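What you see below is based on every heavy atom in this structure, not just the backbone, and it leaves out hydrogens, waters and symmetry mates. Along the sequence shown, residues carry numbers from 1. Remember, predicted model here, so these are calculated numbers, not experimental data.
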Amino acid sequence: EINNHDSLMAFDNFGMYSCVPVHEIENTEPSQFGSRVYDALKLNGEIVTLSPFINQDLESFVKETLGDIYVVTLTKNGYLKKTPIDEYTSRRNQKNVRAMKIREGDELVSGKIVIERKGKGSNLIIYTEKGCFAYIHSDNIANQSKMSSGLLSIKLDPDDACKGMIVVGEDDTHLLVITEKGCMKRCELDYMSGPGKRKVSSYLTRLNAEDRVHFVDSIEDDMDIIIYTSDRKNSY
C-alpha cells in the first residue's frame with residue numbers, strides 16, 4: 001500500500017537500485033495485466049527488493065526524534081554493509097544506480113531501509129537457504145559508502161548461500177519460516193541468543209534433503225498470515 005506522491009525503491013541482484021515516483025507507474029484496473037516493472041524501474045537484473053521509500057518529511061522527523069536512517073545491503077555470499085540514507089536522497093528519482101559493489105561470483109539478495117534508534121539501534125537476522133541464521137545488531141554493521149562491497153557477516157557452508165535478511169520489530173515475538181516445499185513453522189524469538197557481532201551461524205530450522213528456506217520474517221503473536229504460491233490456480 002502506497003500513496004501516489006510517494007516513491008518506490010527497488011534493488012536488483014547486480015547491486016543496482018532505482019527510486020521511482022509512484023505516479024510514473026501506469027494506473028490500471030485489477031483485471032488488467034499492468035505494465036512491465038522493468039519499463040518503470042530501468043533495472044537489468046532480477047529484482048530482489050521492492051519497498052516504499054522514505055519521503056523527506058518522514059526522514060526529517062526520524063532524524064530529529066528517533067535516530068539515524070541507513071540502507072542495509074546483503075549479498076548471497078554474506079557480505080553486509082550499511083550506508084547513510086543521505087547518499088540515496090540527493091535525488092529522489094534515480095534509475096539503475098550503483099548501491100553496492102559486487103564481488104565476482106556474488107550477487108545482491110536484499111536491501112532494506114533501517115532506522116537505527118538512538119541508544120538502541122536495530123536488530124537484524126540474516127538467514128540462509130539451508131536454514132542457518134546470524135542475529136546481528138546494527139551497531140556492528142560496517143558503515144560504508146554505496147561504492148563499497150561490505151564485510152563478511154556470516155560463515156557459510158560451501159553449498160549454502162544467504163537468502164535474505166529481516167529487521168526485527170520492537171513488538172515482534174516470533175519468527176515465521178516458510179520453505180520452498182511448503183513447510184511452515186514459527187518459533188519464539190526468546191529461544192534465540194541475543195544479537196551480537198558473529199560470523200558463525202546458528203541453526204534456524206530442520207529441512208528435508210531437497211528443501212530450502214524461502215522466506216523468513218519476524219511477527220507479532222496476534223498477526224494474521226496469508227501465504228500464496230507462484231501458481232495463481234493454487235494460491236490462497
Side-chain angles (χ1 to χ4, degrees), residues 1 8-17 37-38 41 43 45-52 71-80 99-100 102 105-114 122-136 150 152-169 172-189 191-192 195 198-236:
E1 184 175 318
L8 281 171
M9 190 175 198
F11 294 86
D12 70 12
N13 63 326
F14 295 156
M16 310 296 288
Y17 80 95
V37 66
Y38 290 97
L41 299 176
L43 295 172
E46 178 186 351
I47 296 171
V48 297
T49 303
L50 181 66
S51 61
V71 175
V72 179
T73 45
L74 172 70
T75 73
K76 179 179 69 174
N77 292 337
Y79 288 91
L80 181 73
M100 188 175 192
I102 303 297
D106 203 358
E107 61 185 57
L108 193 73
V109 296
S110 185
K112 291 186 178 294
I113 296 175
V114 175
S122 295
N123 297 329
L124 290 88
I125 294 176
I126 298 169
Y127 60 94
T128 75
E129 294 177 353
K130 293 185 65 177
C132 296
F133 77 95
Y135 203 174
I136 299 175
L152 193 63
S153 60
I154 185 172
K155 185 177 180 181
L156 297 169
D157 293 336
D159 57 344
D160 200 3
C162 289
K163 182 67 176 179
M165 66 176 170
I166 63 171
V167 182
V168 180
D172 292 339
T173 57
H174 290 76
L175 274 185
L176 175 69
V177 182
I178 301 172
T179 73
E180 292 178 354
K181 299 294 184 182
C183 295
M184 179 173 66
K185 64 175 272 187
R186 67 184 176 105
C187 59
E188 293 184 15
L189 281 168
Y191 289 154
M192 306 164 64
R198 300 175 301 164
K199 292 183 181 179
V200 178
S201 61
S202 302
Y203 194 57
L204 180 63
T205 185
R206 291 186 62 184
L207 292 169
N208 294 326
E210 302 300 323
D211 206 357
R212 291 289 184 271
V213 170
H214 179 69
F215 177 82
V216 176
D217 202 0
S218 58
I219 59 174
E220 298 177 32
D221 194 35
D222 58 351
M223 280 185 171
D224 294 325
I225 299 167
I226 298 175
I227 301 173
Y228 58 91
T229 70
S230 58
D231 182 355
R232 64 179 182 177
K233 293 180 180 179
N234 298 321
S235 61
Y236 60 94

K.L.:
Is the closest side-chain heavy-atom distance between K185 and T205 below 4.5 Å?
P.N.:
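Yes, at least one pair of side-chain atoms sits under 4.5 Å.
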K.L.:
Below 4.5 Å, heavy atoms only, C-beta onward: do L80 and M165 meet side chain to side chain?
P.N.:
yes
K.L.:
What's the verdict on side chain to side chain contact (heavy atoms under 4.5 Å, CB included) for V48 and V109, showing C-alpha distance, side-chain angles and the deciding distance?
P.N.:
CA-CA 6 Å; V48 297; V109 296; 5.6 Å; no
K.L.:
Keeping the roles fixed (side chain from D211, backbone from N208), state whether a donor-acceptor pair exists under 3.5 Å.
P.N.:
no
K.L.:
More than 12 foreign heavy atoms under 6.0 Å from NE2 of H214: is that the case here?
P.N.:
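Counting neighbours around NE2 of H214, 12 or fewer heavy atoms of other residues, nucleotides or ligands fall under 6.0 Å, so no.
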K.L.:
Between I47 and L41, what is the shortest heavy-atom contact and its length?
P.N.:
CD1-CD1, 3.6 Å
K.L.:
Between Y17 and L43, is there a donor-acceptor pair closer than 3.5 Å when you use the side chain of the first and the backbone of the second?
P.N.:
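Not confirmed, Y17 side chain does not pair with L43 backbone.
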K.L.:
Considering residues, nucleotides and ligands other than E220, do more than 12 of their heavy atoms fall under 6.0 Å from its CD?
P.N.:
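Yes, the 6.0 Å shell around CD holds more than 12 heavy atoms from other groups.
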K.L.:
Between I125 and L204, is a side chain to side chain contact (heavy atoms under 4.5 Å, CB included) present by the stated rule, with each step listed?
P.N.:
CA-CA 11 Å; I125 294 176; L204 180 63; 6.0 Å; no
K.L.:
Minimum heavy-atom separation for G78 to S153, with atom names?
P.N.:
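Where G78 meets S153 most closely, the heavy atoms are O-OG, 2.6 Å.
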K.L.:
Got a second to check how far C183's SG is from I178's CD1, nearest 0.5 Å?
P.N.:
10.5 Å
K.L.:
Quick one: do L50 and L8 satisfy side chain to side chain contact (heavy atoms under 4.5 Å, CB included)? Show the steps, please.
P.N.:
CA-CA 7 Å; L50 181 66; L8 281 171; 4.2 Å; yes
K.L.:
So how far is it from L74 CG to M100 CE, rounded to the nearest 0.5 Å?
P.N.:
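It comes to 7.5 Å.
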K.L.:
What closest approach, in Å, do S110 and G164 show between heavy atoms, and which atom pair accounts for it?
P.N.:
CB-CA, 4.3 Å
K.L.:
Could you measure the distance from the SG atom of C132 to the OH atom of Y127? Nearest 0.5 Å is fine.
P.N.:
14.0 Å
K.L.:
If you round to the nearest 0.5 Å, how far is NZ of K76 from CD of E107?
P.N.:
4.5 Å
K.L.:
Using a 6.0 Å cut-off, check whether atom CE of M184 has over 12 heavy atoms from anything other than its own residue.
P.N.:
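Counting neighbours around CE of M184, 12 or fewer heavy atoms of other residues, nucleotides or ligands fall under 6.0 Å, so no.
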K.L.:
With side chains defined as the heavy atoms from C-beta onward, is the minimum distance between S218 and L175 less than 4.5 Å?
P.N.:
yes
K.L.:
State the CD-CG distance between E129 and L207, to the nearest 0.5 angstrom.
P.N.:
10.5 Å
K.L.:
Does some side-chain heavy atom of V213 sit less than 4.5 Å from a side-chain heavy atom of T128?
P.N.:
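They are not in side-chain contact.
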K.L.:
Is there a side chain to side chain contact (heavy atoms under 4.5 Å, CB included) between I102 and Y79 once you walk through the steps?
P.N.:
CA-CA 9 Å; I102 303 297; Y79 288 91; over 6 Å; no
K.L.:
Do N123 and Y135 come close enough that some side-chain heavy atom pair is under 4.5 Å?
P.N.:
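Yes; the side chains approach each other to less than 4.5 Å.
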K.L.:
Within this structure, what is the CD1-CD1 distance for the pair I126 and I136, rounded to the nearest 0.5 Å?
P.N.:
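Reported value, rounded in 0.5 Å steps: 3.5 Å.
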K.L.:
Who pairs with D221 by salt bridge (charged side-chain N to carboxylate O under 4.0 Å, His left out), at least two apart in sequence or on another chain?
P.N.:
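Per chain and number, D221 pairs via salt bridge (charged side-chain N to carboxylate O under 4.0 Å, His left out) with R186.
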K.L.:
Would you confirm whether T49, through its side chain, and F11, through its main-chain N or O, come within 3.5 Å as a donor-acceptor pair?
P.N.:
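Answer holds: no.
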K.L.:
Given 3.5 Å as the limit, does a donor-acceptor pair link the side chain of T73 with the main chain of G111, or not?
P.N.:
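Between the backbone of G111 and the side chain of T73 there is no qualifying donor-acceptor contact (under 3.5 Å).
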K.L.:
Might you point out which heavy atoms bring N77 and L152 nearest each other, and give the distance in Å?
P.N.:
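In terms of heavy atoms, the two residues are closest at O-CD1, 3.4 Å.
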